2 protein chains.
Amino acid sequence: MNTQTPPVDRHERRKLETRSRIENAAYLLFSENGIEATSIEMICEAADVARRTFYSHFPNKQAVIGELGISRLYSQAEPMLAMLMEGHATTRQQLDGMIEYIETRFAAYQEVDRQLMISAPARFTSDPQQQGKISSDAIGAFARMIAAGQEKGDARTECSPEILATMIVGTLTTMTTNWAIDPTYPIFSKLEEARLLFQLIVCVDSPEPE
Amino acid sequence: MNTQTPPVDRHERRKLETRSRIENAAYLLFSENGIEATSIEMICEAADVARRTFYSHFPNKQAVIGELGISRLYSQAEPMLAMLMEGHATTRQQLDGMIEYIETRFAAYQEVDRQLMISAPARFTSDPQQQGKISSDAIGAFARMIAAGQEKGDARTECSPEILATMIVGTLTTMTTNWAIDPTYPIFSKLEEARLLFQLIVCVDSPEPE
DNA sequence: GCTCAACCGCGCATAATTGCACAGTTGTAT
DNA sequence: ATACAACTGTGCAATTATGCGCGGTTGAGC
(Lines give C-alpha, C1' and ligand atoms only; values in the text may rest on other atoms or scores of the structure.)
Protein backbone atom coordinates (compact mmCIF):
# COMPACT_ATOMS: atom_id res chain seq x y z
CA MET A 1 0.00 0.00 0.00
CA ASN A 2 1.73 3.17 -1.15
CA THR A 3 0.66 6.74 -1.77
CA GLN A 4 0.54 7.53 -5.47
CA THR A 5 2.03 11.02 -5.62
CA PRO A 6 3.88 11.79 -8.84
CA PRO A 7 7.35 13.28 -8.47
CA VAL A 8 7.29 17.06 -8.59
CA ASP A 9 10.07 18.88 -10.33
CA ARG A 10 11.37 22.28 -9.35
CA HIS A 11 9.37 24.10 -11.99
CA GLU A 12 6.29 22.60 -10.41
CA ARG A 13 7.47 23.37 -6.88
CA ARG A 14 8.21 27.00 -7.74
CA LYS A 15 4.83 27.28 -9.33
CA LEU A 16 3.11 25.84 -6.27
CA GLU A 17 5.05 28.23 -4.04
CA THR A 18 3.84 31.18 -6.06
CA ARG A 19 0.30 29.89 -6.01
CA SER A 20 0.51 29.41 -2.23
CA ARG A 21 1.82 32.92 -1.87
CA ILE A 22 -1.19 34.26 -3.71
CA GLU A 23 -3.66 32.16 -1.72
CA ASN A 24 -2.12 33.06 1.64
CA ALA A 25 -2.08 36.76 0.80
CA ALA A 26 -5.70 36.55 -0.38
CA TYR A 27 -6.78 34.80 2.80
CA LEU A 28 -5.13 37.42 5.00
CA LEU A 29 -6.66 40.30 3.07
CA PHE A 30 -10.09 38.65 3.04
CA SER A 31 -9.85 38.32 6.83
CA GLU A 32 -8.82 41.96 7.29
CA ASN A 33 -10.95 43.75 4.73
CA GLY A 34 -13.67 41.29 3.76
CA ILE A 35 -13.87 39.45 0.48
CA GLU A 36 -15.72 42.13 -1.47
CA ALA A 37 -13.42 44.99 -0.52
CA THR A 38 -10.29 43.05 -1.46
CA SER A 39 -9.09 43.64 -5.02
CA ILE A 40 -6.77 41.57 -7.15
CA GLU A 41 -4.38 44.52 -7.13
CA MET A 42 -4.21 44.31 -3.35
CA ILE A 43 -3.64 40.56 -3.40
CA CYS A 44 -0.80 40.88 -5.88
CA GLU A 45 0.86 43.58 -3.85
CA ALA A 46 0.59 41.59 -0.63
CA ALA A 47 1.82 38.44 -2.33
CA ASP A 48 4.55 40.38 -4.13
CA VAL A 49 3.65 38.81 -7.46
CA ALA A 50 2.92 40.46 -10.77
CA ARG A 51 -0.71 40.79 -11.78
CA ARG A 52 0.27 38.95 -14.93
CA THR A 53 1.32 36.06 -12.71
CA PHE A 54 -1.92 36.07 -10.77
CA TYR A 55 -3.74 35.49 -14.05
CA SER A 56 -1.49 32.62 -15.04
CA HIS A 57 -2.71 30.84 -11.88
CA PHE A 58 -6.30 32.00 -11.51
CA PRO A 59 -8.80 33.27 -14.10
CA ASN A 60 -10.32 35.78 -11.65
CA LYS A 61 -10.88 36.57 -7.98
CA GLN A 62 -13.73 34.14 -7.72
CA ALA A 63 -11.35 31.31 -8.49
CA VAL A 64 -9.14 32.11 -5.49
CA ILE A 65 -12.20 32.34 -3.28
CA GLY A 66 -13.35 28.95 -4.46
CA GLU A 67 -9.95 27.40 -3.99
CA LEU A 68 -9.75 28.67 -0.41
CA GLY A 69 -13.27 27.39 0.24
CA ILE A 70 -12.38 23.93 -1.03
CA SER A 71 -9.28 23.73 1.12
CA ARG A 72 -11.49 24.38 4.14
CA LEU A 73 -14.09 21.83 3.19
CA TYR A 74 -11.70 19.07 2.34
CA SER A 75 -9.13 19.59 5.08
CA GLN A 76 -6.18 18.27 3.10
CA ALA A 77 -7.00 14.79 4.28
CA GLU A 78 -3.96 13.01 2.93
CA PRO A 79 -1.11 14.59 4.94
CA MET A 80 -3.27 14.59 8.07
CA LEU A 81 -4.17 10.94 7.77
CA ALA A 82 -0.63 9.89 6.92
CA MET A 83 0.44 11.60 10.13
CA LEU A 84 -2.34 9.98 12.16
CA MET A 85 -1.53 6.53 10.82
CA GLU A 86 2.08 7.09 11.74
CA GLY A 87 1.39 8.22 15.30
CA HIS A 88 -1.54 6.02 16.31
CA ALA A 89 -1.61 2.21 16.45
CA THR A 90 -5.32 1.41 16.09
CA THR A 91 -8.01 2.60 13.74
CA ARG A 92 -10.04 3.79 16.72
CA GLN A 93 -7.19 5.99 17.89
CA GLN A 94 -6.75 7.35 14.38
CA LEU A 95 -10.40 8.34 14.19
CA ASP A 96 -10.07 9.94 17.63
CA GLY A 97 -7.05 11.89 16.44
CA MET A 98 -8.87 12.95 13.31
CA ILE A 99 -11.83 14.36 15.22
CA GLU A 100 -9.49 16.17 17.61
CA TYR A 101 -7.72 17.71 14.63
CA ILE A 102 -10.93 18.80 12.97
CA GLU A 103 -12.19 20.31 16.24
CA THR A 104 -8.98 22.28 16.53
CA ARG A 105 -9.53 23.66 13.06
CA PHE A 106 -13.11 24.65 13.77
CA ALA A 107 -12.03 26.45 16.94
CA ALA A 108 -9.70 28.56 14.78
CA TYR A 109 -12.10 29.39 11.95
CA GLN A 110 -13.31 32.95 11.49
CA GLU A 111 -16.22 34.49 9.65
CA VAL A 112 -14.22 34.69 6.45
CA ASP A 113 -13.77 30.90 6.53
CA ARG A 114 -17.52 30.49 6.56
CA GLN A 115 -17.87 32.80 3.57
CA LEU A 116 -15.16 30.94 1.68
CA MET A 117 -16.82 27.57 2.28
CA ILE A 118 -20.13 28.87 1.02
CA SER A 119 -18.32 29.90 -2.16
CA ALA A 120 -16.69 26.52 -2.78
CA PRO A 121 -19.52 24.98 -4.86
CA ALA A 122 -19.20 27.81 -7.38
CA ARG A 123 -15.66 26.64 -8.00
CA PHE A 124 -16.99 23.20 -8.85
CA THR A 125 -19.47 24.74 -11.25
CA SER A 126 -16.68 26.38 -13.24
CA ASP A 127 -14.52 23.23 -13.17
CA PRO A 128 -16.60 20.10 -12.56
CA GLN A 129 -13.69 17.63 -13.03
CA GLN A 130 -12.05 19.24 -10.02
CA GLN A 131 -14.86 18.15 -7.71
CA GLY A 132 -14.44 14.51 -8.61
CA LYS A 133 -10.70 14.68 -8.17
CA ILE A 134 -10.74 16.40 -4.77
CA SER A 135 -13.50 14.20 -3.47
CA SER A 136 -11.76 11.04 -4.65
CA ASP A 137 -8.44 12.22 -3.20
CA ALA A 138 -10.01 12.69 0.22
CA ILE A 139 -11.92 9.40 0.01
CA GLY A 140 -8.77 7.65 -1.15
CA ALA A 141 -6.87 8.84 1.90
CA PHE A 142 -9.53 7.57 4.29
CA ALA A 143 -9.86 4.32 2.36
CA ARG A 144 -6.17 3.66 2.82
CA MET A 145 -6.49 4.19 6.55
CA ILE A 146 -9.46 1.82 6.74
CA ALA A 147 -7.78 -0.78 4.55
CA ALA A 148 -4.81 -0.75 6.90
CA GLY A 149 -7.22 -1.24 9.80
CA GLN A 150 -8.83 -4.21 8.03
CA GLU A 151 -5.42 -5.78 7.58
CA LYS A 152 -4.72 -5.24 11.27
CA GLY A 153 -8.07 -6.80 12.12
CA ASP A 154 -9.53 -3.80 13.96
CA ALA A 155 -11.76 -2.42 11.19
CA ARG A 156 -14.98 -3.81 9.75
CA THR A 157 -14.49 -6.05 6.73
CA GLU A 158 -18.07 -6.61 5.59
CA CYS A 159 -17.93 -3.27 3.78
CA SER A 160 -15.23 -2.08 1.38
CA PRO A 161 -12.78 0.61 2.58
CA GLU A 162 -14.09 2.88 -0.18
CA ILE A 163 -17.68 2.90 1.01
CA LEU A 164 -16.68 3.46 4.62
CA ALA A 165 -14.39 6.28 3.56
CA THR A 166 -17.17 7.80 1.47
CA MET A 167 -19.44 7.78 4.50
CA ILE A 168 -16.83 9.61 6.58
CA VAL A 169 -16.03 12.21 3.93
CA GLY A 170 -19.69 12.76 3.08
CA THR A 171 -20.73 13.17 6.72
CA LEU A 172 -17.94 15.59 7.54
CA THR A 173 -18.46 17.66 4.40
CA THR A 174 -22.18 17.94 5.06
CA MET A 175 -21.68 18.99 8.66
CA THR A 176 -19.09 21.55 7.60
CA THR A 177 -21.42 22.99 4.98
CA ASN A 178 -24.25 23.16 7.51
CA TRP A 179 -22.01 25.09 9.86
CA ALA A 180 -20.95 27.47 7.10
CA ILE A 181 -24.57 28.21 6.18
CA ASP A 182 -25.90 28.43 9.75
CA PRO A 183 -23.66 30.00 12.40
CA THR A 184 -25.79 28.49 15.18
CA TYR A 185 -25.15 24.94 13.98
CA PRO A 186 -23.65 23.12 17.01
CA ILE A 187 -20.57 21.81 15.23
CA PHE A 188 -18.66 20.55 18.26
CA SER A 189 -21.42 18.37 19.64
CA LYS A 190 -22.12 17.11 16.11
CA LEU A 191 -18.46 16.18 15.76
CA GLU A 192 -18.69 14.19 18.99
CA GLU A 193 -21.72 12.37 17.61
CA ALA A 194 -19.80 11.71 14.40
CA ARG A 195 -16.93 10.31 16.43
CA LEU A 196 -19.25 7.76 18.06
CA LEU A 197 -20.92 6.94 14.76
CA PHE A 198 -17.69 6.40 12.85
CA GLN A 199 -16.21 4.22 15.58
CA LEU A 200 -19.41 2.22 15.89
CA ILE A 201 -19.50 1.54 12.17
CA VAL A 202 -15.82 1.20 11.35
CA CYS A 203 -14.16 -0.32 14.44
CA VAL A 204 -14.54 -3.95 15.46
CA ASP A 205 -12.35 -3.86 18.58
CA SER A 206 -14.08 -3.19 21.85
CA PRO A 207 -14.09 0.47 22.92
CA GLU A 208 -11.34 1.30 25.40
CA PRO A 209 -12.51 2.02 28.93
CA GLU A 210 -12.72 5.73 29.71
CA MET B 1 19.61 63.26 4.77
CA ASN B 2 18.07 60.21 3.14
CA THR B 3 19.23 56.68 2.53
CA GLN B 4 20.15 56.18 -1.10
CA THR B 5 18.68 52.76 -1.83
CA PRO B 6 17.60 52.33 -5.45
CA PRO B 7 14.12 50.92 -5.97
CA VAL B 8 14.21 47.17 -6.36
CA ASP B 9 11.86 45.57 -8.83
CA ARG B 10 10.39 42.10 -8.49
CA HIS B 11 12.93 40.54 -10.81
CA GLU B 12 15.59 41.80 -8.47
CA ARG B 13 13.68 40.70 -5.38
CA ARG B 14 13.18 37.17 -6.74
CA LYS B 15 16.82 37.01 -7.59
CA LEU B 16 17.83 38.13 -4.10
CA GLU B 17 15.47 35.57 -2.56
CA THR B 18 17.11 32.81 -4.55
CA ARG B 19 20.55 34.07 -3.64
CA SER B 20 19.55 34.17 0.03
CA ARG B 21 18.23 30.67 -0.22
CA ILE B 22 21.58 29.48 -1.49
CA GLU B 23 23.55 31.35 1.16
CA ASN B 24 21.34 30.16 4.02
CA ALA B 25 21.52 26.56 2.85
CA ALA B 26 25.28 26.83 2.49
CA TYR B 27 25.65 28.26 5.97
CA LEU B 28 23.59 25.47 7.53
CA LEU B 29 25.52 22.76 5.69
CA PHE B 30 28.86 24.37 6.55
CA SER B 31 27.81 24.34 10.22
CA GLU B 32 26.72 20.69 10.10
CA ASN B 33 29.36 19.11 7.90
CA GLY B 34 32.21 21.59 7.77
CA ILE B 35 33.10 23.74 4.79
CA GLU B 36 35.35 21.22 3.03
CA ALA B 37 32.89 18.32 3.19
CA THR B 38 30.04 20.39 1.79
CA SER B 39 29.64 20.15 -1.99
CA ILE B 40 27.83 22.45 -4.35
CA GLU B 41 25.47 19.55 -5.10
CA MET B 42 24.50 19.41 -1.43
CA ILE B 43 23.96 23.16 -1.26
CA CYS B 44 21.70 23.10 -4.31
CA GLU B 45 19.68 20.23 -2.94
CA ALA B 46 19.25 21.92 0.43
CA ALA B 47 18.39 25.23 -1.19
CA ASP B 48 16.13 23.47 -3.69
CA VAL B 49 17.70 25.36 -6.60
CA ALA B 50 19.13 24.02 -9.80
CA ARG B 51 22.88 23.74 -10.07
CA ARG B 52 22.58 25.86 -13.19
CA THR B 53 21.07 28.55 -10.97
CA PHE B 54 23.82 28.32 -8.40
CA TYR B 55 26.29 29.19 -11.15
CA SER B 56 24.29 32.18 -12.30
CA HIS B 57 24.76 33.62 -8.80
CA PHE B 58 28.21 32.38 -7.80
CA PRO B 59 31.22 31.33 -9.90
CA ASN B 60 32.22 28.61 -7.44
CA LYS B 61 31.96 27.44 -3.84
CA GLN B 62 34.68 29.80 -2.74
CA ALA B 63 32.51 32.72 -3.73
CA VAL B 64 29.70 31.67 -1.36
CA ILE B 65 32.23 31.18 1.43
CA GLY B 66 33.60 34.66 0.84
CA GLU B 67 30.14 36.21 0.72
CA LEU B 68 29.21 34.61 4.04
CA GLY B 69 32.50 35.75 5.53
CA ILE B 70 31.91 39.33 4.44
CA SER B 71 28.40 39.39 5.88
CA ARG B 72 29.91 38.40 9.23
CA LEU B 73 32.66 41.00 9.10
CA TYR B 74 30.51 43.87 8.00
CA SER B 75 27.40 43.11 10.01
CA GLN B 76 24.97 44.70 7.55
CA ALA B 77 25.55 48.02 9.17
CA GLU B 78 22.87 49.97 7.36
CA PRO B 79 19.64 48.28 8.56
CA MET B 80 21.08 47.94 12.06
CA LEU B 81 22.03 51.60 12.31
CA ALA B 82 18.76 52.80 10.80
CA MET B 83 17.01 50.82 13.52
CA LEU B 84 19.26 52.19 16.24
CA MET B 85 18.78 55.77 15.07
CA GLU B 86 15.06 55.19 15.12
CA GLY B 87 14.96 53.73 18.62
CA HIS B 88 17.59 55.81 20.43
CA ALA B 89 17.63 59.56 20.92
CA THR B 90 21.34 60.33 21.45
CA THR B 91 24.49 59.30 19.64
CA ARG B 92 25.81 57.82 22.88
CA GLN B 93 22.77 55.59 23.21
CA GLN B 94 23.10 54.55 19.58
CA LEU B 95 26.70 53.52 20.11
CA ASP B 96 25.63 51.63 23.23
CA GLY B 97 22.94 49.84 21.26
CA MET B 98 25.39 49.02 18.51
CA ILE B 99 27.88 47.42 20.88
CA GLU B 100 25.08 45.42 22.56
CA TYR B 101 23.98 44.20 19.15
CA ILE B 102 27.50 43.19 18.13
CA GLU B 103 28.01 41.39 21.45
CA THR B 104 24.81 39.46 20.88
CA ARG B 105 26.10 38.39 17.49
CA PHE B 106 29.44 37.26 18.87
CA ALA B 107 27.71 35.23 21.56
CA ALA B 108 25.90 33.35 18.81
CA TYR B 109 28.85 32.75 16.48
CA GLN B 110 30.13 29.20 15.98
CA GLU B 111 33.39 27.77 14.68
CA VAL B 112 32.13 27.90 11.11
CA ASP B 113 31.65 31.66 11.43
CA ARG B 114 35.30 32.01 12.30
CA GLN B 115 36.28 29.98 9.26
CA LEU B 116 34.07 32.05 7.02
CA MET B 117 35.52 35.31 8.27
CA ILE B 118 39.03 34.09 7.62
CA SER B 119 37.97 33.37 4.05
CA ALA B 120 36.51 36.81 3.41
CA PRO B 121 39.73 38.47 2.14
CA ALA B 122 39.96 35.86 -0.63
CA ARG B 123 36.63 37.17 -1.88
CA PHE B 124 38.10 40.63 -2.14
CA THR B 125 41.05 39.25 -4.09
CA SER B 126 38.74 37.85 -6.78
CA ASP B 127 36.62 41.02 -6.90
CA PRO B 128 38.53 44.03 -5.62
CA GLN B 129 35.78 46.58 -6.47
CA GLN B 130 33.54 44.75 -4.02
CA GLN B 131 35.81 45.57 -1.08
CA GLY B 132 35.61 49.26 -1.75
CA LYS B 133 31.84 49.15 -2.12
CA ILE B 134 31.16 47.14 1.05
CA SER B 135 33.60 49.15 3.08
CA SER B 136 32.16 52.43 1.86
CA ASP B 137 28.60 51.21 2.46
CA ALA B 138 29.42 50.39 6.07
CA ILE B 139 31.32 53.63 6.57
CA GLY B 140 28.51 55.54 4.93
CA ALA B 141 25.97 54.14 7.36
CA PHE B 142 28.05 55.12 10.40
CA ALA B 143 28.80 58.52 8.87
CA ARG B 144 25.10 59.24 8.58
CA MET B 145 24.59 58.37 12.22
CA ILE B 146 27.43 60.65 13.26
CA ALA B 147 26.29 63.47 10.98
CA ALA B 148 22.86 63.29 12.63
CA GLY B 149 24.60 63.47 16.02
CA GLN B 150 26.55 66.54 14.90
CA GLU B 151 23.32 68.24 13.88
CA LYS B 152 21.82 67.37 17.24
CA GLY B 153 24.91 68.80 18.96
CA ASP B 154 25.93 65.62 20.77
CA ALA B 155 28.72 64.45 18.43
CA ARG B 156 32.18 65.90 17.87
CA THR B 157 32.38 68.38 15.02
CA GLU B 158 36.12 68.97 14.74
CA CYS B 159 36.37 65.81 12.66
CA SER B 160 34.26 64.88 9.64
CA PRO B 161 31.62 62.14 10.05
CA GLU B 162 33.49 60.12 7.42
CA ILE B 163 36.74 59.92 9.37
CA LEU B 164 34.98 59.07 12.61
CA ALA B 165 32.97 56.38 10.81
CA THR B 166 36.14 55.00 9.26
CA MET B 167 37.66 54.72 12.72
CA ILE B 168 34.66 52.78 14.00
CA VAL B 169 34.47 50.42 11.02
CA GLY B 170 38.21 49.88 10.95
CA THR B 171 38.43 49.14 14.66
CA LEU B 172 35.51 46.72 14.65
CA THR B 173 36.72 44.92 11.54
CA THR B 174 40.19 44.51 12.97
CA MET B 175 38.91 43.18 16.25
CA THR B 176 36.62 40.76 14.44
CA THR B 177 39.46 39.52 12.27
CA ASN B 178 41.69 39.08 15.33
CA TRP B 179 38.98 36.99 16.95
CA ALA B 180 38.57 34.88 13.82
CA ILE B 181 42.30 34.16 13.67
CA ASP B 182 42.81 33.60 17.39
CA PRO B 183 40.05 31.84 19.34
CA THR B 184 41.54 33.07 22.63
CA TYR B 185 41.18 36.74 21.64
CA PRO B 186 39.05 38.32 24.44
CA ILE B 187 36.45 39.84 22.14
CA PHE B 188 33.89 40.84 24.77
CA SER B 189 36.27 42.84 26.91
CA LYS B 190 37.72 44.39 23.74
CA LEU B 191 34.22 45.42 22.68
CA GLU B 192 33.73 47.11 26.05
CA GLU B 193 37.01 48.99 25.54
CA ALA B 194 35.84 49.96 22.05
CA ARG B 195 32.59 51.26 23.52
CA LEU B 196 34.49 53.59 25.83
CA LEU B 197 36.86 54.66 23.06
CA PHE B 198 34.12 55.43 20.53
CA GLN B 199 32.07 57.38 23.06
CA LEU B 200 35.13 59.30 24.26
CA ILE B 201 36.04 60.30 20.72
CA VAL B 202 32.62 60.78 19.15
CA CYS B 203 30.33 62.05 21.93
CA VAL B 204 30.48 65.57 23.34
CA ASP B 205 27.66 65.23 25.88
CA SER B 206 28.63 64.25 29.38
CA PRO B 207 28.41 60.51 30.07
CA GLU B 208 25.21 59.50 31.82
CA PRO B 209 25.60 58.44 35.41
CA GLU B 210 25.69 54.63 35.83
C1' DG C 1 46.05 0.53 -15.32
C1' DC C 2 41.08 0.55 -15.85
C1' DT C 3 36.35 1.36 -14.35
C1' DC C 4 32.99 3.75 -11.96
C1' DA C 5 30.69 7.08 -9.02
C1' DA C 6 30.50 11.65 -7.52
C1' DC C 7 31.08 16.08 -8.51
C1' DC C 8 32.17 20.35 -11.29
C1' DG C 9 31.38 23.90 -14.84
C1' DC C 10 28.72 25.29 -18.70
C1' DG C 11 25.87 25.77 -23.36
C1' DC C 12 21.27 25.83 -24.58
C1' DA C 13 16.21 25.30 -24.99
C1' DT C 14 12.16 25.54 -22.13
C1' DA C 15 9.22 27.06 -18.17
C1' DA C 16 7.59 30.57 -15.06
C1' DT C 17 7.53 35.25 -13.76
C1' DT C 18 7.76 40.03 -14.68
C1' DG C 19 6.82 44.69 -16.52
C1' DC C 20 4.51 47.30 -19.66
C1' DA C 21 0.86 49.15 -21.97
C1' DC C 22 -3.49 48.70 -24.07
C1' DA C 23 -8.62 48.48 -24.10
C1' DG C 24 -12.45 48.05 -21.29
C1' DT C 25 -15.49 48.63 -17.04
C1' DT C 26 -17.19 50.83 -12.94
C1' DG C 27 -18.01 54.29 -9.61
C1' DT C 28 -17.51 59.06 -8.19
C1' DA C 29 -17.35 63.99 -8.70
C1' DT C 30 -18.37 68.08 -11.36
C1' DA D 1 -23.00 64.21 -19.89
C1' DT D 2 -17.99 64.30 -19.18
C1' DA D 3 -13.64 63.44 -16.85
C1' DC D 4 -10.97 60.81 -13.95
C1' DA D 5 -9.23 57.24 -10.81
C1' DA D 6 -9.12 52.58 -9.77
C1' DC D 7 -9.35 48.27 -11.24
C1' DT D 8 -9.66 44.19 -14.59
C1' DG D 9 -8.00 41.15 -18.18
C1' DT D 10 -4.56 40.27 -21.68
C1' DG D 11 -0.74 40.23 -25.49
C1' DC D 12 4.01 40.27 -25.72
C1' DA D 13 9.03 40.85 -24.97
C1' DA D 14 12.52 40.51 -21.32
C1' DT D 15 14.35 38.31 -17.15
C1' DT D 16 15.34 34.54 -14.13
C1' DA D 17 15.19 29.71 -13.02
C1' DT D 18 15.25 25.05 -14.61
C1' DG D 19 16.56 20.59 -16.70
C1' DC D 20 19.48 18.25 -19.55
C1' DG D 21 23.50 16.50 -21.09
C1' DC D 22 28.19 17.09 -22.31
C1' DG D 23 33.20 16.92 -21.26
C1' DG D 24 36.33 17.01 -17.59
C1' DT D 25 38.46 15.91 -12.87
C1' DT D 26 39.17 13.22 -8.78
C1' DG D 27 39.27 9.46 -5.69
C1' DA D 28 38.22 4.69 -4.58
C1' DG D 29 38.09 -0.09 -5.72
C1' DC D 30 39.56 -4.00 -8.46
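Naming convention: chains lettered A, B, ... in sequence-line order (proteins, then strands); numbering from 1 in each chain. All figures in this text were calculated on a predicted structure; none of them were measured in a lab.
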Rounded to whole angstrom units, what separation is found between the [atom1] atom of [X] and the [atom2] atom of [N]?
X: B:His57; N: D:dT18; atom1: NE2; atom2: C1'; answer: 12 Å
X: A:His11; N: D:dG19; atom1: NE2; atom2: P; answer: 5 Å
X: A:Phe54; N: D:dC7; atom1: CZ; atom2: C1'; answer: 13 Å
X: B:Arg13; N: D:dT16; atom1: CZ; atom2: P; answer: 13 Å
X: B:Glu41; N: D:dG21; atom1: CD; atom2: C1'; answer: 14 Å
X: B:Asn60; N: D:dT25; atom1: CG; atom2: C1'; answer: 15 Å

Does any N or O in the side chain of [X] come within less than 3.5 Å of the main-chain N or O of [Y], such that one atom is a donor and the other an acceptor?
X: A:Gln150; Y: A:Ala155; answer: no
X: B:Gln115; Y: B:Gly69; answer: no
X: A:Ser20; Y: A:Glu17; answer: no
X: B:Asn24; Y: B:Arg21; answer: no

Q.
Expected output is a numbered-order residue list: members of residues 42-52 of chain B with a heavy atom under 4.0 Å from any atom of DNA chain C. What is it?
A.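 When residues 42-52 of chain B is checked for heavy atoms under 4.0 Å from DNA chain C, the hits, listed by number, are B:Arg51, B:Arg52.
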Q: For DNA chain C, find the residues of residues 28-40 of chain A with a heavy-atom distance under 4.0 Å and give them by number; none if there aren't any.
A: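 Heavy-atom contacts with DNA chain C come from no residue of residues 28-40 of chain A; none.
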Q.
Five pairs per end, C1' atoms only: what is the angle between the end axes of the helix from C:dG1-D:dC30 to C:dT30-D:dA1, to 10 degrees?
A.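 Comparing the first five pairs with the last five, the axes sit 20° apart.
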Q. Under 4.0 Å between a Lys/Arg side-chain N and an Asp/Glu carboxylate O for B:Lys61 and B:Glu67?
A.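 Looking at B:Lys61 and B:Glu67, the cut-off is not met.
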Q. Under a 4.0 Å N-O cut-off, is there an ion pair linking A:Glu111 with A:Arg114?
A.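 Yes, this pair counts.
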Q: State whether A:Tyr55 places a side-chain N or O below 4.0 Å from either non-bridging phosphate oxygen (OP1 or OP2) of D:dG9.
A: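 For D:dG9, OP1/OP2 do have a side-chain N/O of A:Tyr55 under 4.0 Å.
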Q. Side-chain N or O of B:Ser56 less than 4.0 angstrom from OP1 or OP2 on D:dT16?
A.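 Looking at the OP1 and OP2 atoms of D:dT16, neither is under 4.0 Å from any side-chain N or O of B:Ser56.
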Q: Identify, with sequence neighbours excluded, every residue that meets salt bridge (Lys or Arg N to Asp or Glu O under 4.0 Å) alongside A:Glu100.
A: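 Checked A:Glu100 against salt bridge (Lys or Arg N to Asp or Glu O under 4.0 Å); matches are A:Arg195.
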(Q) Can you classify the ring geometry of B:Phe54 versus B:Phe58 as parallel (below 30°), tilted (30 to 60°) or perpendicular (above 60°)? (A)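 Rings of B:Phe54 and B:Phe58: tilted, as their planes differ by 30° to 60°.
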(Q) Does the plane of the ring in B:Tyr109 sit parallel, tilted or perpendicular to the ring in B:Trp179? Use 30° and 60° as the thresholds. (A)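 Tilted: the ring planes of B:Tyr109 and B:Trp179 meet at 30° to 60°.
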Q: Give a yes-or-no answer on whether the side chains of B:Tyr55 and B:Asn60 include a donor-acceptor pair shorter than 3.5 Å.
A: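 No donor-acceptor contact under 3.5 Å links the two side chains.
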Q: Hey, which sits more toward the 5' end of DNA chain C by its nearest nucleotide, A:Glu12 or B:Lys61?
A: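 Between the two, 5'-proximity favours B:Lys61.
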Q: Decide yes or no on side chain to side chain contact (heavy atoms under 4.5 Å, CB included) for A:Gln110 and A:Ser31, but give the supporting numbers first.
A: CA-CA 8 Å; A:Gln110 305 170 47; A:Ser31 306; 4.2 Å; yes
Can you give me every donor-acceptor pair (side chain of residues 39-49 of chain B, partner residue at least two apart or in another chain, under 3.5 Å) with its distance?
unit_1: B:Ser39; atom_1: OG; unit_2: B:Met42; atom_2: N; d: 3.1
unit_1: B:Glu41; atom_1: OE2; unit_2: B:Arg51; atom_2: NH1; d: 3.1
unit_1: B:Asp48; atom_1: OD1; unit_2: A:Arg10; atom_2: NE; d: 3.2
unit_1: B:Asp48; atom_1: OD1; unit_2: A:Arg13; atom_2: NE; d: 3.2
unit_1: B:Asp48; atom_1: OD1; unit_2: A:Arg13; atom_2: NH2; d: 2.4
unit_1: B:Asp48; atom_1: OD2; unit_2: A:Arg13; atom_2: NE; d: 2.8
unit_1: B:Asp48; atom_1: OD2; unit_2: A:Arg14; atom_2: NH2; d: 2.9

Q: Assess whether side chain to side chain contact (heavy atoms under 4.5 Å, CB included) is satisfied between A:Leu29 and A:Ile35, documenting all intermediate values.
A: CA-CA 8 Å; A:Leu29 288 170; A:Ile35 294 175; over 6 Å; no
**Q.** Boundaries of the DNA chain C segment in contact with chain B, non-hydrogen, under 4.0 Å
**A.**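 Counting from the 5' end, contacts occupy C:dC7 to C:dG19.
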Q: Quick one: do A:Leu68 and A:Phe30 satisfy side chain to side chain contact (heavy atoms under 4.5 Å, CB included)? Show the steps, please.
A: CA-CA 11 Å; A:Leu68 290 171; A:Phe30 290 159; 3.8 Å; yes
